[in-house]
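Quick notes on the structure that follows.
Read the numbers this way: they start at 1 and go in the same order the structure lists the ligands and their atoms. Heavy-atom basis, side chains included; hydrogens, waters and symmetry copies ignored.
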Amino acid sequence: MAVKLSRSQLPLLLQKLRPLFPDNIKICGELKCKLENRSQKLCGFDFLVDTWPNFSTVISRPDNTNNRLKFIDNHHSVLTQDREKLREILENSDVIKWTSPIVQFADVREDLYDVISEAADSHGFHAKLSFTYLAMFVDSEMASMPVPEGLVMRPLSEDHAEIVMNNVDYSGEGSVEYCKELIKHYQSLAMFDENNNLVAYTLETNHGVSGMARVMPNYRHKHIGLVLLSQFDKLLVEEGRRMGGWVNVENNSMRRLMRKLGCTEYPQKHIWIDCFKK
Ligand SMILES: CC(C)(COP(=O)(O)OP(=O)(O)OC[C@H]1O[C@@H](n2cnc3c(N)ncnc32)[C@H](O)[C@@H]1OP(=O)(O)O)[C@@H](O)C(=O)NCCC(=O)NCCS
């Protein structure tokens with residue numbers, strides 16, 4: 001049995017989830033997207049708990065509206081302090097949209113893989129672990145570094161969405177439209193050379209993180225990444241947020257860059273699971 005929360009209950013859910021960082025990142029990002037009325041195309045998720053107002057397990061799943069972007073249409077996330085409760089909910093109830101040909105669980109704790117894959121199996125799905133990430137966030141004062149001479153900084157425009165999504169390891173159907181919506185409704189920051197060529201960029205997402213950071217190959221190892229992300233943090237601090245997000249465990253360049261920025265690397269790994277209909 002799971003309880004679907006009404007919109008008026010969501011601010012309290014957000015408040016109660018705060019201490020559960022970094023496990024709460026994706027669900028809190030989706031909650032904020034909804035509560036801040038960011039974008040109708042990004043915030044179409046229901047939030048369910050095992051019991052209310054005290055709960056051990058929270059699930060976000062696509063709601064019944066049809067205006068959600070294709071790229072996030074099968075996104076679920078789970079957060080639990082009771083694995084057996086989660087197992088019971090996933091196996092015995094209809095909280096997950098097992099009617100779709102693919103069901104994705106994004107940014108969940110690695111130690112929940114067996115619970116999710118067993119639930120997927122019992123509903124006729126095969127679970128595939130796609131990515132493993134670590135949460136890395138700036139959590140202390142950071143001096144923003146000056147922009148090198150000859151480069152200018154400004155936000156991305158929607159025209160850049162294709163370049164951005166061509167360079168991430170999780171792009172797919174509808175990813176460019178998704179990125180355009182992020183650029184329209186969230187913060188982004190990019191650097192351009194004197195001929196207006198893109199040199200580096202990063203942006204915020206509806207999952208409560210900044211990400212997709214990239215420095216063009218001919219500009220790497222010149223501390224452009226450090227400058228960009230320190231400037232992005234400054235921008236976010238003005239709005240009460242901090243720079244940080246998920247870094248692939250194998251991405252040593254990015255992990256070192258984030259450490260250099262003074263980010264804390266949280267030890268618990270998180271994963272992305274794609275479940276395919278057998
Ligand atoms: C990761 C990336 C953004 C780094 O950008 P960059 O401008 O080259 O990084 P910087 O020059 O600012 O380097 C900052 C620090 O990061 C570390 N670093 C950066 N690239 C590194 C590499 N290839 N190997 C080891 N360390 C590296 C170094 O410690 C460096 O500091 P130092 O030169 O004083 O030792 C860039 O390599 C990139 O775009 N990679 C592909 C996209 C990507 O993986 N994005 C991350 C998505 S989450």
Side-chain angles (χ1 to χ4, degrees), residues 21-22 25-26 29 71-72 75 104 106-108 110 129-140 142-156 160-172 175-176 178-179 182-183 186-194 197-236 241-272:
F21 186 86
I25 292 174
K26 183 162 188 287
F71 189 63
I72 52 172
H75 268 210
Q104 296 169 305
D107 306 337
V108 301
E110 189 185 39
L129 195 163
S130 295
F131 305 104
T132 306
Y133 301 107
L134 291 164
M136 297 189 75
F137 273 79
V138 178
D139 53 16
S140 52
M142 183 172 71
S144 52
M145 298 170 64
V147 181
E149 216 170 296
L151 299 183
V152 290
M153 220 170 44
R154 63 172 181 274
L156 287 167
H160 297 117
E162 199 153 347
I163 302 178
V164 174
M165 292 319 278
N166 277 341
N167 288 291
V168 293
D169 49 9
Y170 47 86
S171 63
S175 62
V176 174
Y178 170 67
C179 187
L182 293 180
I183 292 170
Y186 286 87
Q187 288 288 4
S188 65
L189 195 60
M191 281 190 210
F192 298 84
D193 68 14
E194 57 276 6
N197 295 312
L198 196 53
V199 168
Y201 54 81
T202 190
L203 63 150
E204 268 192 301
T205 81
N206 58 319
H207 300 149
V209 293
S210 26
M212 306 188 206
R214 186 159 194 264
V215 174
M216 296 305 171
N218 49 335
Y219 278 97
R220 289 189 190 159
H221 312 299
K222 295 177 179 167
H223 292 167
I224 300 283
L226 276 175
V227 173
L228 179 77
L229 297 186
S230 69
Q231 292 282 347
F232 198 47
D233 187 59
K234 183 174 151 200
L235 191 78
L236 295 181
R241 304 190 291 283
R242 294 308 304 255
M243 199 280 301
W246 299 111
V247 181
N248 195 313
V249 282
E250 290 161 9
N251 194 338
N252 289 323
S253 315
M254 192 61 184
R255 284 175 69 181
R256 283 177 61 174
L257 165 52
M258 297 287 270
R259 276 193 219 119
K260 207 132 201 169
L261 282 164
C263 290
T264 299
E265 183 173 283
Y266 292 82
Q268 174 63 50
K269 290 178 188 154
H270 285 71
I271 53 177
W272 178 297

How far is atom 4 (C) of ligand 1 from its nearest protein heavy atom, and which residue and atom name does that atom have?
L257 CD2, 3.6 Å
When you look at CD of Q268, are more than 12 heavy atoms from neighbouring residues, nucleotides or ligands closer to it than 6.0 Å?
yes
Which residue and non-hydrogen atom of the protein lie closest to atom 48 (S) of ligand 1, and at what distance in Å?
M254 CG, 3.9 Å
How about C263 and M243: do any of their side-chain heavy atoms sit closer than 4.5 Å?
yes
Are there over 12 heavy-atom neighbours, none belonging to K222, within less than 6.0 Å of that residue's NZ?
yes
Aromatic ring pairing F131/W272, orientation class (parallel under 30°, perpendicular over 60°, tilted between):
perpendicular
Hey, is G211 one of the residues with a heavy atom under 4.0 angstrom from ligand 1?
no
Within the structure, is a non-hydrogen atom of I224 found at a distance of less than 4.0 Å from ligand 1?
yes
Side-chain contact, heavy-atom cut-off 4.5 Å: L228 with F232?
no
When the aromatic ring centroids of Y266 and F137 are compared, is their separation below 6.0 Å?
no
I'd like to check M216 versus N197 (side-chain heavy atoms, cut-off strictly below 4.5 Å). Are they in contact?
no
min-distance protein heavy atom vs atom 8 (O) of ligand 1 -> H221 N, 2.8 Å
Can you tell if the side chain of T132 reaches within under 4.5 Å of the side chain of H270, non-hydrogen atoms only?
no
Shortest protein heavy-atom distance from atom 5 (O) of ligand 1, along with the residue and atom involved:
V215 CG2, 3.5 Å
In terms of ring plane angle, is the pair Y178 and F71 parallel, tilted or perpendicular, where the classes change at 30° and 60°?
tilted
Would you say that L235 contacts S144 through its side chain, given a criterion of any heavy-atom pair below 4.5 Å between the two side chains?
no
Considering the heavy atoms of L226, write down every atom of ligand 1 situated less than 4.0 Å from one of them.
12 (O), 14 (C)
Atoms in ligand 1 flagged as close to K222, the criterion being non-hydrogen separation under 4.0 Å
11 (O)
Would you mind finding which of M136, H223, R256, E250 brings a heavy atom closest to atom 17 (C) of ligand 1?
R256
Which segment of K260 sits under 4.0 Å of ligand 1 when only heavy atoms are counted:
side chain
In this structure, are over 12 heavy atoms from other groups packed under 6.0 Å from E250 atom CD?
no
Can you pull out the closest protein heavy atom to atom 42 (C) of ligand 1? Residue, atom name and distance to 0.1 Å, please.
A213 O, 3.7 Å
Closest approach of any protein heavy atom to atom 41 (C) of ligand 1, naming residue and atom:
R220 NH2, 3.5 Å
Which is it for M216 and ligand 1 at heavy atoms under 4.0 Å: side chain, backbone, both or neither?
neither
Minimum-distance protein heavy atom relative to atom 18 (N) of ligand 1:
S253 O, 3.9 Å
Taking only non-hydrogen atoms of R214 and a 4.0 Å limit, the atoms of ligand 1 in range are 39 (O)
Any idea which protein heavy atom is nearest atom 7 (O) of ligand 1, and the distance to it?
G225 N, 2.8 Å
Determine whether any heavy atom of N251 lies closer than 4.0 Å to an atom of ligand 1.
yes
